[in-house]
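For reference, the structure is listed below as C-alpha cells.
For the single chain, residues carry numbers from 1 onward in sequence order. These numbers come from a predicted model, not from an experiment.
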Amino acid sequence: MDPSSSTISPPSYKPLSELYVQSCGNLGMSWVMHKGRNLAFRNYKNEPALYSLEVSNHSKGNTVILRKGGSKEEATISQATETANSGEYLVNGPLGEEIMEKSGKDKYLWIVPSALCPPKLTPYEKEDPNKKSTFHWIRTPRVEGKIATFASPNWKLHDKESGGVHAVFVENWDGTTDRGQIQFQRSFGENWEMSVLVSVGIVAERERARRDRRGNFTKGFMLW
C-alpha cells in the first residue's frame, strides 16, 4: 500500500462494471450469528466471489478487510478501522490513508489521496502528493412504490468538487443473502475500484446495523 504506487492498472486488469453484492455463506445459524455482515462481490450470483469483505465487530469498533476472492487466506488489499469518533473509519487504502465518515442522515463523506483519482494537470504542472479529494455517498430520495435501479439507485457516489457521479449502489433488503448491486460509472483504475468497494461496504454495513437497531427497538416495543 505504497502511496508512490502507480494508479495505472496492469494490462491484464479488466475494469469493473457491475457487481452483485451478497452476504457470504448460506442462510443459517452461522449467518444469523454474524448478522450477514461479511460481503462478497460477484459478476454473477452463482459465480465465485471476485472480492470479499470481512467485517469484524470488536469492542472498539468494526474492522473491514477487503481481499481478492472468497478466502480469508488471500492477502489484504485494503483495511478500514472504525475510530473512537462515531461513524468514522480510517482506511489503509492502496495509495495511502483514506477517511470515511457519516455526514448527516443520508450522506457519507469519503476523503482520499488525489493520486487515487488523478486530476488532469496543465502542462508542466506537478502533481501534489499530499493533495486530497473528497467524495460523497448520498442517498437519493425514496419514491413510494418505485423499485430502485441503476438509473434510479438508492445511493450515488458524487465528486464533491465537480458533482459528477462515479458509482451507484442499489440496496436489497428482502431477507435473503442478496444485498444489492454496485455499478461503476467512471473508473480511475484498479486501485480506485478497490477503494470504492471498501467504501460501499462501509455504507452497507452501517445501513445494516441501523436497520438491525431499528428492528430490535420495534421488537422490544412490541414485547413491552
Side-chain angles (χ1 to χ4, degrees), residues 1-26 30-31 33-83 88-101 108 110-118 129 132-133 135 137 157 166-167 169 177 179-184 187-206 208:
M1 301 181 186
D2 179 7
S4 64
S5 299
S6 172
T7 59
I8 304 300
S9 301
S12 60
Y13 180 73
K14 182 180 179 181
L16 300 177
S17 177
E18 300 171 6
L19 296 177
Y20 285 95
V21 185
Q22 297 179 295
S23 293
C24 294
N26 300 315
S30 176
W31 187 88
M33 291 296 290
H34 289 89
K35 299 184 178 180
R37 287 189 179 97
N38 298 337
L39 301 176
F41 298 97
R42 296 181 166 94
N43 275 326
Y44 298 98
K45 292 182 180 181
N46 59 347
E47 287 189 351
L50 292 176
Y51 303 96
S52 58
L53 204 68
E54 178 187 356
V55 182
S56 303
N57 184 253
H58 304 290
S59 58
K60 295 183 179 180
N62 289 328
T63 299
V64 179
I65 301 175
L66 178 70
R67 297 185 177 93
K68 191 169 185 177
S71 172
K72 291 184 178 181
E73 303 301 318
E74 296 288 349
T76 297
I77 296 174
S78 184
Q79 179 169 325
T81 304
E82 193 171 9
T83 72
E88 181 185 74
Y89 283 81
L90 188 62
V91 186
N92 186 15
L95 294 184
E97 183 179 284
E98 306 168 20
I99 295 176
M100 181 92 173
E101 62 183 12
Y108 290 87
W110 184 37
I111 302 172
V112 304
S114 292
L116 198 64
C117 46
K132 303 290 184 181
S133 296
F135 296 84
W137 274 109
L157 180 62
H166 292 262
F169 176 45
T177 58
R179 295 292 297 277
Q181 287 180 273
I182 180 173
Q183 181 188 65
F184 289 85
S187 177
F188 295 103
E190 184 175 11
N191 288 327
W192 160 260
E193 292 174 356
M194 297 304 98
S195 288
V196 171
L197 292 184
V198 173
S199 73
V200 78
I202 292 174
V203 172
E205 168 55 19
R206 292 280 300 177
R208 182 211 59 78

Task: Heavy-atom closest pair, residues Gln22 and Arg42 - done: OE1-NH1, 2.9 Å
Open item on the list: Before you tell me yes or no, could you show the steps for Leu53 and Ile65 under side chain to side chain contact (heavy atoms under 4.5 Å, CB included), namely the whole-Å CA-CA distance, both residues' side-chain angles and the distance that decides it to 0.1 Å?
Closed with: CA-CA 6 Å; Leu53 204 68; Ile65 301 175; over 6 Å; no
Open item on the list: I'd like to know whether CD of Glu73 has more than 12 heavy-atom contacts from other residues, nucleotides or ligands below 6.0 angstrom.
Closed with: no
- [ ] Check the pair Ser78, Val91 against side chain to side chain contact (heavy atoms under 4.5 Å, CB included), reporting the backbone distance first and the verdict last.
- [x] CA-CA 7 Å; Ser78 184; Val91 186; 3.6 Å; yes
TODO: Go through the structure and list residues passing side-chain hydrogen bond (donor to acceptor under 3.5 Å, both in side chains) with Glu193, not counting sequence neighbours.
DONE: Tyr13, Ser187
Open item on the list: side chain to side chain contact (heavy atoms under 4.5 Å, CB included), that's the test. Do Leu16 and Val196 meet it? Break it down for me.
Closed with: CA-CA 11 Å; Leu16 300 177; Val196 171; over 6 Å; no
TODO: Could you pull out the closest heavy-atom pair between Phe169 and Gln181, with the gap in Å?
DONE: CD1-O, 3.2 Å
- [ ] Taking all heavy atoms of Leu197 and all of Tyr51, pick out the closest pair and write down the distance.
- [x] CD1-CD1, 3.8 Å
Task: Atom pair CG/NZ of Asn38 and Lys72 - distance to nearest 0.5 Å - done: 6.0 Å
- [ ] Could you tell me the separation between the CD atom of Glu54 and the CD atom of Glu74, rounded to the nearest 0.5 Å?
- [x] 13.0 Å
Task: With Ser17 via side-chain hydrogen bond (donor to acceptor under 3.5 Å, both in side chains) - residues at least two apart - done: none
Task: Side-chain heavy atoms of Ser195 within contact of Leu116, under 4.5 Å - done: yes
Open item on the list: Can you list everything that forms a side chain to side chain contact (heavy atoms under 4.5 Å, CB included) with Glu18? Sequence neighbours excluded, please.
Closed with: Phe150, Gln183
Open item on the list: side chain to side chain contact (heavy atoms under 4.5 Å, CB included), that's the test. Do Val21 and Val200 meet it? Break it down for me.
Closed with: CA-CA 10 Å; Val21 185; Val200 78; 5.6 Å; no
Task: Rounded distance (nearest 0.5 Å) linking atom OG1 of Thr76 with atom CZ of Arg67 - done: 4.5 Å
TODO: Indicate the atoms forming the closest heavy-atom contact of Gly69 with Ser52, along with that distance.
DONE: O-OG, 2.9 Å
- [ ] Report the distance from atom CZ of Arg179 to atom SG of Cys24, rounding to the nearest 0.5 Å.
- [x] 10.0 Å
Open item on the list: Here's a test for you: under side-chain contact (heavy atoms from CB on, under 4.5 Å), which of Asn62, Ile99, Val198 qualifies with Tyr89?
Closed with: Asn62
Open item on the list: Distance check, rounded to the nearest 0.5 Å: Leu90 atom CG versus Thr63 atom OG1?
Closed with: 11.0 Å
- [ ] Quick one: list whatever passes side-chain hydrogen bond (donor to acceptor under 3.5 Å, both in side chains) with Glu88, sequence neighbours left out.
- [x] Thr83, Asn85
Open item on the list: I need the minimum non-hydrogen distance between Pro113 and Leu95, along with the two atoms involved.
Closed with: CG-O, 3.6 Å
Task: Pairwise distance CD(Glu98) to CD1(Ile202) - rounded to 0.5 angstrom - done: 8.5 Å
Task: Pairing residues for Trp192 by the ring-ring contact (aromatic ring centres under 6.0 Å, His included) criterion, not counting sequence neighbours - done: Trp110, Phe135, His166, Phe188
Open item on the list: Ignoring hydrogens, what is the shortest heavy-atom contact between Pro118 and Ala115? Give both atom names and the distance.
Closed with: CD-O, 3.4 Å
Open item on the list: Can you list everything that forms a side-chain hydrogen bond (donor to acceptor under 3.5 Å, both in side chains) with Ser199? Sequence neighbours excluded, please.
Closed with: Trp137
